[in-house]
Amino acid sequence: MIRKILIANRGEIALRIVRACRELGIRTLAVYSEADEQSLHVQLADEAICIGPAQGNESYLRADRILSAAEIADVDAIHPGYGFLSENSEFAEQCESCNITFIGPKSETINQMGDKAKARDAMAKAGVPIIPGSEGALANETEATKVAQKIGFPVIIKAVAGGGGRGMRIAHNAVSFVKEFQAARLEAEKAFGNGAMYVEKYLENPRHVEFQILADRHGNVIHLGERDCSVQRRHQKVIEEAPSPFLDKNLRNRMGKAAIKAATASNYVNAGTIEFLVDAKGNFYFIEMNTRIQVEHGVTEEATGIDLIKEQIQIASGNRLSLAQKDVVLAKHAIECRICAENPSKGFIPSPGTIGLYYAPGGHGVRVDSHVYGGYTVSPYYDSMICKLISYGRTRKIALDRMYRALSEYIIRGIDTNIEFLKAVLLDPAFRQGEATTSYVEDFLARAPKDLFEKNNSE
Ligand code: ADP
């Protein structure tokens, strides 16, 4: 029985977890940094403990401080959200050794899937299609060059510990390969403290389609359909939707089965995501497994009507899945825009600061997952995402029109945001026709009129 949960995170995901717990009658403990005292999740949790200064490595990444807070407040479980310690297998292990339930998969699974080269190998063994590439991590530039030449250019150089699109470089020929390899490794060392690299064939213009998995401790595994996350900037998602405008029933079934195979092969428990790239012919390939709740989980929730955070808590409590595969239907179309404090006309540089006038959209079929409000100060210490705006409806067209309407209603003064950029994408015929691949944003920016994003909300 889980009676009280510590939320080892901040921002909108912390608030999302507080809300699910409220509905389940579970008490919540927020832990927060000095920069987050005014955040909504701190205000709305039942209890709150400050765990240190603003810097992540002095607060949200401090397992020792979080576990001390857990002991002091006598919690039964910890929900790690996404980012921070959510994919840290040592932290999951420490929770269990303190007799605190970690709401996520087993630490062995996190460990295996956290190494993207090992994950690839495990998936290949399980019969899940992978992109041609190196077996395991590469020892040095010489070995990497040989492998790249064997695969054939272009190739993508990726960090074994990678995430958030960092430590990733494309090489189009052997001449540029060594330079790109060294740059990617340096970036990976800086970002993850781990310079181990691997190489994959670079697919031209694929779609990013991922499957949401739920698995209980009794061996039941289901998928909740896909999310199309092809609209990306620098390999980071900007807009996500479910279902994918590209998948038909047959492809969905085949990919869903492969996702279940991937989860079963790794003894997966709790909510997870299997990411694939899909080419124009409908061939699909595993790229990675995320062993946590994803930022874009709300899209699946609105398309299927299933509350993923509640399911995570039920699974962590040892309960069986409350649904079978046949009960899952993508009954609605849902779309999410990531609203960020950044300036598109200045290369999307972050724009922290204090929000002045604030009015969030609402109405039929609109969901606003955000921890900010008028007078709130967006900290420069964290990710620039300030809201996940989700719209949903019976058809894709309804969801898109509704999203445009909601974006047009949104008022955020005092800081710059990407709202005008998102509105322009929502009106773009290629996007509306469901043609976006992972190179869409770059193409769109290249052909967009220069003054398109001049109008921003802080003026
Ligand atoms: P991260 O863990 O950093 O998010 P992923 O492996 O999930 O990295 O890849 C992120 C994005 O990078 C993908 O959605 C896709 O746009 C691009 N990408 C990754 N691997 C390839 C590949 N082999 N070919 C083409 N694009 C790729």
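Atoms within each ligand, like the ligands themselves, are counted from 1 in listed order.
- For ligand 1, the polar-atom distance check against His235 finds a nitrogen or oxygen pair separated by under 3.5 Å.
- Between Phe421 and Phe348, the ring center distance clears the sub-6.0 Å criterion.
- Using a 4.0 Å cut-off to heavy atoms of Gly162, the atoms of ligand 1 that qualify are 2 (O).
- Annotation: Leu277 places no N or O atom under 3.5 Å from an N or O atom of ligand 1; distance criterion only.
- Relative ring orientation between Phe431 and Tyr440 is described as tilted, the plane-to-plane angle lying within the 30° to 60° band.
- For ligand 1 and Ile131, the ligand atoms under 4.0 Å from any heavy atom of the residue are 23 (N).
- Using a 4.0 Å cut-off to heavy atoms of His208, the atoms of ligand 1 that qualify are 13 (C), 14 (O).
- The shortest N or O to N or O distance between Ile287 and ligand 1 is not below 3.5 Å.
- Checking Lys388, Arg338, Arg227 one by one against Glu240, the side-chain hydrogen bond (donor to acceptor under 3.5 Å, both in side chains) holds for a single residue, Arg338.
- With 3.5 Å as the limit, one finds no donor-acceptor pair spanning the side chains of Asn290 and Tyr82.
- Both the backbone and the side chain of Leu203 come within 4.0 Å of ligand 1, counting heavy atoms alone.
- Of all the atoms in ligand 1, the ones that sit under 4.0 Å from a non-hydrogen atom of Lys158 are 6 (O), 19 (C), 20 (N).
- There is no side-chain donor-acceptor pair under 3.5 Å between Tyr198 and Asp121.
- A side-chain N or O of Arg292 and one of Gln294 form a donor-acceptor pair less than 3.5 Å apart.
- Atoms of ligand 1 lying under 4.0 Å from at least one heavy atom of Gln232, given by number and element, are 11 (C), 13 (C), 14 (O), 15 (C), 16 (O).
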